[in-house]
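These values consider heavy atoms only, across backbone and side chains, with no hydrogens, waters or symmetry-generated copies. Just follow the structure's listing: the first ligand is 1, and inside any ligand the first atom is 1.
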Amino acid sequence: MICYVPAETVSGELRTALTPTTAAALTKLGLTVQAEAGLGTASRYSDDKYTKAGVELVGDPAAALGAADLVLRVRKPSPEQIAALKPGAVHLSFLDPFNESALLENFAEAKASAVSLEMIPRTTLAQKMDALSSQASLGGYAAVMQAAARIRSALPMMMTPAGTIMPCRVFVIGAGVAGLQAIATAKRLGARIEAFDTRPVAEEQVKSLGAKFVKIDLGDTGQTAGGYAKQLTPKQVAKQQAGMAKVCAQSDIVITTAKVFGCKAPILLTEEMIAGMKAGSVIVDLALETGGNVEGAVPGEDVVTANGATILGDTSLENSVATHASQVLAANFAAWITHFWDEETKTLKLDRKDEILQGCLITHDGAIVHERFGKKAEKLKS
Ligand code: NAD
């Protein structure tokens with residue numbers, strides 16, 4: 001069975017779906033691992049290391065795509081790259097399936113089995129394959145590092161003969177995987193941290209990291225069976241914004257990570273709230289790729305507001321730590337393959353009754369098989 005890993009083609013994407021370590025593990029399973037030459041250069045994995053791990057470096061991506069039984073990729077492919085796939089090939093990548101119905105149709109037409117990393121269930125058994133978590137963790141870390149580099153102040157309290165420097169105040173909105181990592185990182189750097197999340201269970205987790213939980217009574221917020229936040233009503237959002245405005249005004253760094261799975265991210269920082277923030281303050285919006293939490297944020301561009309706050313425009317902060325982001329992402333891919341690997345036949349065995357597969361398999365055998373997207377696609381067609 002041939003596993004092919006092309007180099008990423010999306011601008012600014014530095015991560016890779018294969019590292020020399022995972023390449024060695026996949027080769028050991030019995031896969032023939034092929035990769036596009038240079039695929040790990042941007043994330044600091046040299047061709048030489050891949051070759052030593054048993055990878056065949058190939059020069060013609062279109063031919064390699066057409067011959068592969070399994071393709072690994074970080075970002076969603078283009079329609080042309082999907083059309084080049086061999087019928088029956090398995091394709092693993094982030095797919096953004098809630099917003100990419102046409103791409104899902106393309107996969108079905110190509111008779112490929114598309115697996116969406118976003119849809120891997122967040123269960124204990126699937127933890128090793130959880131790419132959303134592995135990347136969110138590094139995103140949360142990188143958000144603090146990027147903010148610290150821009151703030152022009154020190155983060156920890158410092159007692160010097162020339163006077164005391166007060167600790168930087170950081171406000172983290174959304175205390176899921178990324179938010180908790182941001183809190184832990186800011187804490188290590190000595191900042192004073194406050195945080196808020198709509199899920200009641202987050203309060204204890206925030207406190208256990210040494211941050212203060214901001215109390216805002218929004219009434220019933222709850223969480224889904226999968227552990228995700230529910231969408232708030234417009235009234236609840238307004239109440240939350242009012243409750244957070246004062247904290248934002250006192251903060252030097254605000255990091256927003258608030259997402260609602262499968263939906264556009266809610267706007268939590270309005271222009272009015274930002275106008276009340278200190279000159280020189282820094283805002284990092286980790287939800288920018290899914291619509292953003294911050295009014296006035298521009299993807300790909302830093303914005304300095306009239307009152308001197310900077311809103312960062314980076315939509316993929318994990319790319320600033322691409323070496324480690326690739327290390328854990330590639331490990332997620334390898335864990336998925338190992339789970340579905342059949343030792344006897346030395347091939348992938350896609351058991352459609354498997355709970356993990358049911359969650360993340362989007363197309364198979366010429367059709368959209370995931371019920372969440374199949375119905376949507378039908379509606380779009382009619
Ligand atoms: P996410 O990226 O979808 O959202 C990030 C955070 O934003 C969440 O904590 C969410 O509650 C919060 N949020 C949403 N709307 C908000 C609002 N209006 N104001 C403030 N915060 C808001 O979520 P995630 O970080 O990927 O994970 C969410 C949950 O799933 C967490 O509890 C996490 O521990 C859990 N999880 C479980 C597993 C597992 O069991 N294997 C794996 C990963 C995550």
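Remark: the Ser78 side chain and the Gln81 side chain contain an N/O donor-acceptor pair separated by less than 3.5 Å.
For atom 5 (C) of ligand 1, the closest heavy atom belonging to the protein is Thr257 O, 3.2 Å. Regarding atom 17 (C) of ligand 1, its nearest protein heavy-atom neighbour is Thr198 CG2, 3.5 Å. Looking from atom 8 (C) of ligand 1 to the surrounding protein, the closest heavy atom is Asp197 OD2, 3.5 Å. Of the protein's non-hydrogen atoms, the one nearest atom 21 (N) of ligand 1 is Gly174 CA, 3.5 Å. Atom 14 (C) of ligand 1 has as its closest protein heavy atom Lys259 O, 3.1 Å. If you check which protein heavy atom lies closest to atom 28 (C) of ligand 1, you get Gly227 O, 3.9 Å. In terms of protein heavy atoms, atom 34 (O) of ligand 1 is closest to Val177 CG2, 4.8 Å.
In the vicinity of Arg122, heavy-atom distances shorter than 4.0 Å reach the ligand 1 atoms 26 (O), 38 (C), 39 (C), 40 (O), 41 (N), 42 (C), 43 (C), 44 (C). Ligand 1 places these atoms under 4.0 Å from at least one heavy atom of Leu232: 18 (N). Taking a cut-off of under 4.0 Å to the non-hydrogen atoms of Asp130, the atoms of ligand 1 that pass are 42 (C), 43 (C).
Counting non-hydrogen atoms of neighbouring residues, nucleotides and ligands closer than 6.0 angstrom, the NZ atom of Lys212 reaches no more than 12 such neighbours.
The option from Ser133, Ala258, Gly176 that lies nearest to atom 43 (C) of ligand 1, judged by heavy atoms, is Ser133. The option from Gln240, Lys128, Arg199 that lies nearest to atom 19 (N) of ligand 1, judged by heavy atoms, is Gln240.
The two residues Ala35 and Tyr4 have their closest heavy-atom pair at C-CE1, 3.8 Å. Considering every non-hydrogen atom in both Leu104 and Leu95, the closest pair reads CD2-CD1, 4.4 Å.
Under a 4.0 Å N-O distance rule, the pair Glu8/Arg15 does not qualify as a salt bridge. Remark: Asp197 engages Arg199 in a salt bridge, criterion side-chain N to carboxylate O under 4.0 Å. At a threshold of 4.0 Å, the pair Asp96-Lys76 counts as salt-bridged, since one of the basic side-chain nitrogens sits closer than that to a carboxylate oxygen. For the pair Asp342 and Lys346, the salt-bridge criterion is not met [side-chain N within less than 4.0 Å of a carboxylate O].
For atom 36 (N) of ligand 1, no protein heavy-atom neighbour is present inside the 4.0 Å cut-off.
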Give every donor-acceptor pair under 3.5 Å between a side-chain atom in residues 233-240 and any protein atom, sequence neighbours left out.
from   : atom 1 : to     : atom 2 : distance (Å)
Thr233 : OG1    : Gln236 : N      : 3.1
Thr233 : OG1    : Gln236 : OE1    : 3.4
Gln236 : OE1    : Thr233 : N      : 3.0
Gln236 : NE2    : Leu218 : O      : 2.8
Gln236 : NE2    : Asp220 : O      : 2.9
Lys239 : NZ     : Asp217 : O      : 3.2

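Ligand 1 has no atom lying under 4.0 Å from any heavy atom of Ala202. For the ligand labelled ligand 1, residue Ala136 lies outside the 4.0 Å heavy-atom shell.
Proximity of Phe340 to Asp351: side-chain heavy atoms (C-beta onward) are nowhere separated by under 4.5 Å.
Ring geometry, Phe196 versus Phe213: the interplanar angle falls from 30° to 60°, so the pair is classed tilted.
Considering backbone and side-chain atoms alike, Tyr228 places every N or O at 3.5 Å or more from each N or O of ligand 1.
Residue-level proximity to ligand 1 for Leu268 is carried by the side chain, the only part with a heavy atom below 4.0 angstrom.
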